[in-house]
Amino acid sequence: RWQPHRRMSSVAMVLRLARAAFLERSRRFSFLVMLVASLYAGYGFLPPAQAKYVTLSFGDHRGIYNSAWVGAAIAMLTAAFLGLVGFYLIKNAIDRDRQTRVGQILAAAPLSRFEYILSKVFSNFAVLAAIAFSVAVAAGVTQLVRGEDTTLRLGKLLAPYLVLTLPSMLVVAAIAVFFECTPGLRGGGGNVAYFFLWGLGLAASSMALRASGADFLGFGQLIPSMMEACRATFPDYRPELGNMQMGLSFREEGVWNLRTFVWNGMAFTPWMLATRGLWVAIGLGVAWLAARVFDRFGGDAGGGEGRRAGKRGRQGEAAGRGQAAASPGFAEHYGLATLDPTRKGGVSASHFLRLLRAEVRLLLKGASRWWVLVMLGLWVASALTPLETARLHVLPLVWLWPVLLWSSMGVREARFGVDQILFSS
């Protein structure tokens with residue numbers, strides 16, 4: 001039975017949870033760093049005339065920095081840049097509830113799985129939207145600083161941000177939550193998988209320039225119009241050759257001498273708005289799938305067996321720590337004896353080697369024999385294969401194979417609560 005008051009209550013609950021999560025995230029240091037980097041990106045995405053790099057050009061041409069060109073260029077570049085970096089910034093919404101045990105409270109609350117997941121998606125989206133909006137504002141200021149067209153038209157500046165960037169950010173926000181809910185994608189494996197997924201999405205958007213314009217990033221909505229404007233001003237430009245640069249393209253020598261043309265934007269037709277609305281629907285669909293696989297913190301606050309297993313695990317872990325700390329020679333065995341705060345002078349080479357040995361043992365702890373065998377096989381292959389084959393195919397695998405082990409090194413001390421002991425030594 002449909003109950004309007006219950007429906008409104010659910011919407012209000014989702015919005016309140018999303019607002020609380022956004023406020024908590026916006027007070028983190030990582031959000032501030034990302035915001036500052038985005039403001040700088042809004043300035044760097046619009047290089048001055050005769051710079052050593054370009055971000056968006058067609059052959060030796062680019063649009064003059066009016067509000068239409070600035071808004072469109074920033075919208076596409078932000079969607080591509082923030083679509084990658086932003087995922088790793090927001091992929092901790094549910095994990096934080098697990099770590100702080102807030103999930104146990106939410107699991108017992110009268111809150112459906114979809115409502116909870118939707119609140120996390122909206123909070124992720126709010127974080128990405130705020131960062132993208134700061135880039136758009138910085139780009140508007142940069143337009144005035146560059147001085148090629150000092151008439152600021154907010155409608156043309158912000159329209160691409162609203163139509164192109166925001167739907168893409170909603171999909172990224174939903175994918176981040178889906179990865180957190182899916183076993184096998186919550187950890188480092190999901191981080192690596194998303195990098196390749198983002199690369200596929202970027203490639204698909206590039207290939208869809210002359211297609212229907214329904215690509216994920218919205219490139220197909222604007223770039224064909226820009227190409228036509230460039231050809232109308234410079235008849236020698238041939239769009240069919242595909243000589244377009246997007247991203248950071250540096251000259252090895254000298255500077256870029258680009259000729260400019262005027263592009264006054266384009267009208268967003270109902271078909272274009274419908275294609276962007278399709279991606280909003282896809283984002284909500286991904287959120288629905290995430291709610292289907294979400295365990296409602298069953299592994300943390302599940303039934304009696306889950307609580308008993310968790311209690312036994314915590315008791316065994318505490319006992320193991322106590323036994324290890326009480327074992328004779330424990331500090332010497334792991335190289336911790338070198339961290340004596342009363343020691344005068346520097347650390348000798350033998351002490352450093354003990355610490356290095358302990359770090360290597362911790363790095364390889366938990367790695368299976370199959371992992372080690374694959375690593376050894378890649379080393380042998382890099383030594384025996386021809387140089388060009390090794391450089392193009394084997395060495396990238398050598399670099400990528402241990403990335404999940406490397407990524408844990410910088411946070412190990414904080415993760416196991418020994419950072420205060422270690423860093424005060």
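Everything numeric in this text was worked out from a predicted model, so none of it was measured.
Heavy-atom neighbours of Phe250 CZ from other residues, nucleotides or ligands within 6.0 Å: above the threshold of 12. In this structure, Trp406 places its CH2 atom where more than 12 heavy-atom neighbours from other residues, nucleotides or ligands lie under 6.0 Å away. Arg259 CZ: more than 12 foreign heavy atoms inside a 6.0 Å radius.
By the 4.5 Å heavy-atom criterion applied to side chains, Leu118 and Leu284 are counted as neighbours. Annotation: side chain of Met169 is in contact with side chain of Phe125 (closest heavy-atom distance under 4.5 Å). Considering only heavy atoms from C-beta on, Asn257 comes within 4.5 Å of Gln50 through its side chain. Between Ser26 and Val127 there is no side-chain heavy-atom pair separated by less than 4.5 Å. Counting heavy atoms from C-beta outward, Leu89 and Leu82 have side chains that stay 4.5 Å or more apart. In this structure the side chain of Phe31 reaches within 4.5 angstrom of the side chain of Ile131, judged on heavy atoms. Arg25 has its side chain within reach of Asn124: a pair of non-hydrogen atoms, C-beta onward, lies under 4.5 Å apart. Counting only heavy atoms from C-beta outward, the side chains of Leu46 and Val70 approach each other to under 4.5 Å.
Both tests hold for Arg62 against Tyr65: distance to the six-membered ring centre under 6.0 Å, angle to the ring axis within 45°.
A salt bridge is absent between Arg113 and Asp295; no separation between the charged side-chain nitrogens and carboxylate oxygens falls under 4.0 Å. For Arg354 and Glu359, the salt-bridge test fails: no basic side-chain N is under 4.0 Å from an acidic carboxylate O. A salt bridge is defined here as a Lys NZ or Arg NE, NH1 or NH2 lying under 4.0 Å from an Asp or Glu carboxylate O, and Lys156 with Asp149 fails to meet this definition. Between Arg96 and Glu24 there is a salt bridge, with a side-chain nitrogen of the basic residue lying less than 4.0 Å from a carboxylate oxygen of the acidic one.
Ser368 contributes a side-chain N or O that, together with a main-chain N or O of Trp371, makes up a donor-acceptor pair within less than 3.5 Å. Glu115 contributes a side-chain N or O that, together with a main-chain N or O of Ser112, makes up a donor-acceptor pair within less than 3.5 Å. Not one N or O on the side chain of Ser225 forms a donor-acceptor pair closer than 3.5 Å with the backbone of Met266. Side chain of Tyr194 to backbone of Tyr88: no donor-acceptor contact under 3.5 angstrom is found. Within the 3.5 Å criterion, the main-chain N or O of Gly147 finds no donor-acceptor partner in the side chain of Thr150. Side-chain atoms of Thr385 come within 3.5 Å of backbone atoms of Ala381 as a donor-acceptor pair (strictly under, hydrogens ignored). Formation of a donor-acceptor pair under 3.5 Å by the Thr182 side chain with backbone atoms of Phe179 is not found in this model. In this structure a side-chain-to-backbone donor-acceptor pair under 3.5 Å is present from Arg251 to Val255.
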Derivation of the ring pair (Phe, Tyr, Trp, His ring centres under 6.0 Å) call for Tyr53 and Trp256 | CA-CA 7 Å; Tyr53 73 98; Trp256 287 88; 9.8 Å; no
Step-by-step side-chain contact (heavy atoms from CB on, under 4.5 Å) determination, Phe234 to Phe58 = CA-CA 11 Å; Phe234 302 101; Phe58 302 95; over 6 Å; no
Please test Leu111 against Leu17 for side-chain contact (heavy atoms from CB on, under 4.5 Å), starting from the C-alpha separation and ending with a verdict.
-> CA-CA 11 Å; Leu111 182 70; Leu17 288 174; 3.7 Å; yes
Asp97 and Lys120: CA distance, side-chain angles, deciding distance, salt bridge (Lys or Arg N to Asp or Glu O under 4.0 Å) verdict | CA-CA 11 Å; Asp97 287 346; Lys120 293 302 180 183; 3.0 Å; yes
Could you walk me through whether Val121 and Leu170 pass the side-chain contact (heavy atoms from CB on, under 4.5 Å) test, one step at a time?
-> CA-CA 8 Å; Val121 171; Leu170 179 63; 4.0 Å; yes
Please test His61 against Leu258 for side-chain contact (heavy atoms from CB on, under 4.5 Å), starting from the C-alpha separation and ending with a verdict.
-> CA-CA 5 Å; His61 318 93; Leu258 300 179; over 6 Å; no
Check step by step if ring pair (Phe, Tyr, Trp, His ring centres under 6.0 Å) holds for Phe261 and Trp69.
-> CA-CA 10 Å; Phe261 61 92; Trp69 179 271; 5.7 Å; yes
Under the ring pair (Phe, Tyr, Trp, His ring centres under 6.0 Å) criterion, do Phe195 and Phe87 qualify, and how do the steps go?
-> CA-CA 9 Å; Phe195 177 82; Phe87 172 84; over 10 Å; no
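Interatomic distance, Ile90 CD1 to Ser123 OG, rounded to the nearest 0.5 Å: 8.0 Å. Note that NZ of Lys91 is 6.0 Å distant from CD of Glu180, once rounded to the nearest 0.5 Å. His393 NE2 to Ser382 OG: the interatomic distance, rounded to the nearest 0.5 Å, is 14.0 Å. Taking CG from Leu248 and CG from Leu56, the interatomic distance works out to 11.5 Å, rounded to the nearest 0.5 Å. Atoms CG and OG1, on Leu128 and Thr78 in that order, are 11.5 Å from each other to the nearest 0.5 Å. Note: Ser38 OG to Phe133 CZ = 13.0 Å, rounded to the nearest 0.5 Å.
When all heavy atoms are compared, the tightest approach of Pro47 to Thr55 is CD-OG1, 3.7 Å. The minimum heavy-atom distance between Trp263 and Ala72, with the atom names listed, is CZ3-CB, 3.6 Å. Between Leu405 and Ala367, the shortest heavy-atom contact is CD1-CB, 4.5 Å. Of all non-hydrogen atoms in Ala390 and Pro396, the two that sit nearest each other are O-CD, 4.2 Å. Closest non-hydrogen pair, Pro167 versus Leu162, comes out as CD-O, 3.6 Å. Across all non-hydrogen atoms, the minimal contact from Met272 to Thr275 is O-OG1, 2.6 Å.
Judged by distance alone, the side chains of Ser168 and Arg276 do bring a donor and an acceptor atom under 3.5 Å apart. For the residue pair Gln143 and Ser67, a side-chain donor N or O sits within less than 3.5 Å of a side-chain acceptor on the partner. Between the side chains of Arg153 and Asn66, no donor-acceptor pair of N or O atoms lies under 3.5 Å.
Annotation: Phe297 is in aromatic contact with Tyr116 [ring centroid separation under 6.0 Å].
Applying the side chain to side chain donor-acceptor pair (under 3.5 Å) criterion to Asp419, with sequence neighbours excluded, gives no partner residue.
Here the rule is side-chain contact (heavy atoms from CB on, under 4.5 Å) with Ile117, and of Phe122, Phe294, Phe178, Trp288 only Phe294 fits it.
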